2 protein chains.
Amino acid sequence: MKKKEHKECMSALLPVRDTLDIIGGKWKLLILISIWEGNKHFREIERSIPKLSTKVLSKELKDMEENQLIIRTVLNGFPVRTQYTPTEHSKTLKKVILELQNWGINHRKEIFGDTSEKDNSIRV
Amino acid sequence: MKKKEHKECMSALLPVRDTLDIIGGKWKLLILISIWEGNKHFREIERSIPKLSTKVLSKELKDMEENQLIIRTVLNGFPVRTQYTPTEHSKTLKKVILELQNWGINHRKEIFGDTSEKDNSIRV
DNA sequence: CCGCATCCGAGTGGATACTG
DNA sequence: CAGTATCCACTCGGATGCGG
């Protein structure tokens, strides 16, 4: 049996890592969902997610903007208001999230033998 | 329009978080794939993944065993040899990984407009 | 209201050496 | 071979305060 080429796997993993970087981490999904839900402004998003600090939120929003998951618009007026809205592209993530959710649910059954059924479909 | 219940989303996210915890992180997928490829022994796995230290590998393998992704068997003899083999359950992850990979590939196109096609399917 | 700067403690992970 | 132990550098993220 010939040794398989690990390098090829590594390169195949690059897109996987991209995706994990984008939705992984403690806050990214929570923030994204908050925006999907209709929260638009910085404070609004911050308040909707307990324990989230402004520093982290600020950084995450910047990342998400770079990844074209959200659009940032500064409204003129005073005091300044900023608006974050989800892109269509961001919505393609929902399928991925659903897949992760399903695997997680089955995994719990596998590990704990928990057969209780709850309606936990993602609602956005 | 009534305010949506963020709490429900949080509970729906729990299985998602489980999954991300299991395949997230710098090394987990690399190790899992290495074992899928047929690497069985501690040193073997370690050598197959550059820059991976014994401490981290040790910890990750323990996690993966707890999550029933791999089975650890100590072979009698001297010096001691240990064998790690993938479970059937672990293989259900392949579908998830493929989904992450596809999204990552499309994401790159979206961001960079890169239309180059490469055969990057995960091989295991 | 928006968001950056600073300080700071806890946890992560690398290198190395050592035991069974 | 299969790990554990120790030390240490570095990062991450929470708290707070300030400026636009």
Side-chain angles (χ1 to χ4, degrees), chain A residues 3 10 13 17-18 20-35 37-67 69-86, chain B residues 3 10 13 17-18 20-35 37-67 69-86:
Chain A
K3 262 298 174 214
M10 305 265 295
L13 275 182
R17 181 127 321 278
D18 287 345
L20 288 175
D21 286 344
I22 286 167
I23 63 176
K26 202 169 169 184
W27 304 109
K28 294 215 167 63
L29 272 182
L30 290 172
I31 294 169
L32 188 55
I33 289 177
S34 174
I35 293 174
E37 280 181 331
N39 293 312
K40 284 175 165 17
H41 305 293
F42 193 89
R43 291 288 168 198
E44 208 174 8
I45 298 165
E46 186 195 358
R47 275 192 299 265
S48 76
I49 304 175
K51 307 279 182 191
L52 174 56
S53 72
T54 64
K55 189 173 76 175
V56 174
L57 176 55
S58 174
K59 178 185 165 301
E60 300 291 47
L61 287 172
K62 205 166 291 179
D63 287 352
M64 291 167 64
E65 194 193 359
E66 275 178 14
N67 282 316
L69 299 183
I70 57 174
I71 293 168
R72 178 176 181 275
T73 320
V74 180
L75 308 174
N76 41 10
F78 200 86
V80 173
R81 278 180 82 76
T82 314
Q83 204 175 51
Y84 297 91
T85 53
Chain B
K3 266 293 174 215
M10 306 266 297
L13 275 182
R17 171 106 304 112
D18 287 346
L20 288 175
D21 287 344
I22 287 168
I23 65 177
K26 201 169 169 184
W27 303 109
K28 295 218 166 64
L29 272 182
L30 289 171
I31 294 169
L32 189 54
I33 288 177
S34 174
I35 294 174
E37 279 182 331
N39 292 313
K40 284 175 164 19
H41 306 292
F42 193 91
R43 291 286 169 201
E44 209 174 6
I45 298 166
E46 186 194 356
R47 275 192 300 266
S48 75
I49 303 174
K51 307 280 182 188
L52 174 56
S53 72
T54 62
K55 189 173 74 175
V56 174
L57 177 55
S58 174
K59 178 187 166 301
E60 300 290 47
L61 287 171
K62 209 165 290 180
D63 286 351
M64 292 167 64
E65 194 193 0
E66 275 178 15
N67 282 314
L69 300 183
I70 57 174
I71 294 168
R72 178 175 179 275
T73 320
V74 180
L75 309 173
N76 41 10
F78 201 87
V80 172
R81 278 180 84 73
T82 314
Q83 205 175 52
Y84 295 93
T85 53

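Here is how names work: the chains are called A, B, and so on, in the same order as the sequence lines, proteins then strands, and each is numbered from 1. Here the structure is a predicted model, which is why all the values come from computation and not from measurement.
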### Task
Step by step, work out the salt bridge (charged side-chain N to carboxylate O under 4.0 Å, His left out) result for K62(A) and E65(A).
CA-CA 5 Å; K62(A) 205 166 291 179; E65(A) 194 193 359; over 6 Å; no
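Distances shorter than 4.0 Å separate some side-chain N or O of K26(A) from OP1 or OP2 on dG14(D). Checking the phosphate oxygens (OP1, OP2) of dA2(D), a side-chain nitrogen or oxygen of H41(B) falls inside 4.0 Å. Between dG3(D) and Y84(B), a contact under 4.0 Å exists linking OP1 or OP2 to a side-chain N or O.
Rounded to whole Å, the distance from CD on E60(A) to C1' on dC2(C) is 17 Å. Distance CD (E44(B)) to P (dG3(D)): 13 Å, rounded to an integer number of Å. When rounded to the nearest whole Å, the span between CZ of R47(B) and P of dG3(D) equals 14 Å. Atom CD1 of I31(A) is separated from atom P of dG13(D) by 11 Å (rounded to the nearest Å). Residue E65(B) contributes atom CD, which lies 14 Å from atom C1' of dG3(D) at whole-angstrom precision. Rounded to whole Å, atom P of dG13(C) lies 10 Å from atom CH2 of W27(B). Atom-to-atom, CZ of F42(A) to C1' of dC1(C) comes out at 10 Å; the value is rounded to the nearest Å. The distance from atom NZ of K59(B) to atom C1' of dA2(D) is 18 Å, rounded to the nearest whole Å.
Comparing atom distances between the K55(B) side chain and each of dA2(D), dG14(D), dG13(C) picks out dG13(C) as nearest. Checking dG13(D), dG3(D), dC2(C) against the side-chain heavy atoms of R43(B) singles out dG3(D) as nearest. You'll find that the side chain of S58(B) is closest to dG3(D), out of dG3(D), dG14(C), dC1(C).
Heavy atoms only, all atoms of each residue included: S34(A) and N39(A) are closest at OG-ND2, 2.9 Å. Taking both residues in full, the closest heavy atoms of I45(B) and L57(B) are given as CG2-CD1, 4.0 Å, listed atom of the first, atom of the second, then distance. Residues T82(B) and H41(B) come closest through the heavy atom pair O-ND1, 2.8 Å. Closest approach of Y84(B) to I35(B), counting heavy atoms only: O-CG2, 3.9 Å.
Near DNA chain D, defined here as any heavy-atom distance below 4.0 Å, there are no residues from residues 69-83 of chain A.
When the options I22(B), D21(B), D18(B), I23(B) are evaluated for a side chain to side chain contact (heavy atoms under 4.5 Å, CB included) with N67(B), the one that passes is I22(B).
Nucleotides of DNA chain C nearest to L61(A) and L52(B) differ in position, and the one nearer the 5' end is that of L61(A).
Note on K62(B): only backbone sugar-phosphate atoms sit closer than 4.0 angstrom, heavy atoms only; bases stay farther off.
Of the possible polar contacts, one joining the E44(B) side chain to the K40(B) backbone as a donor-acceptor pair under 3.5 Å is found.
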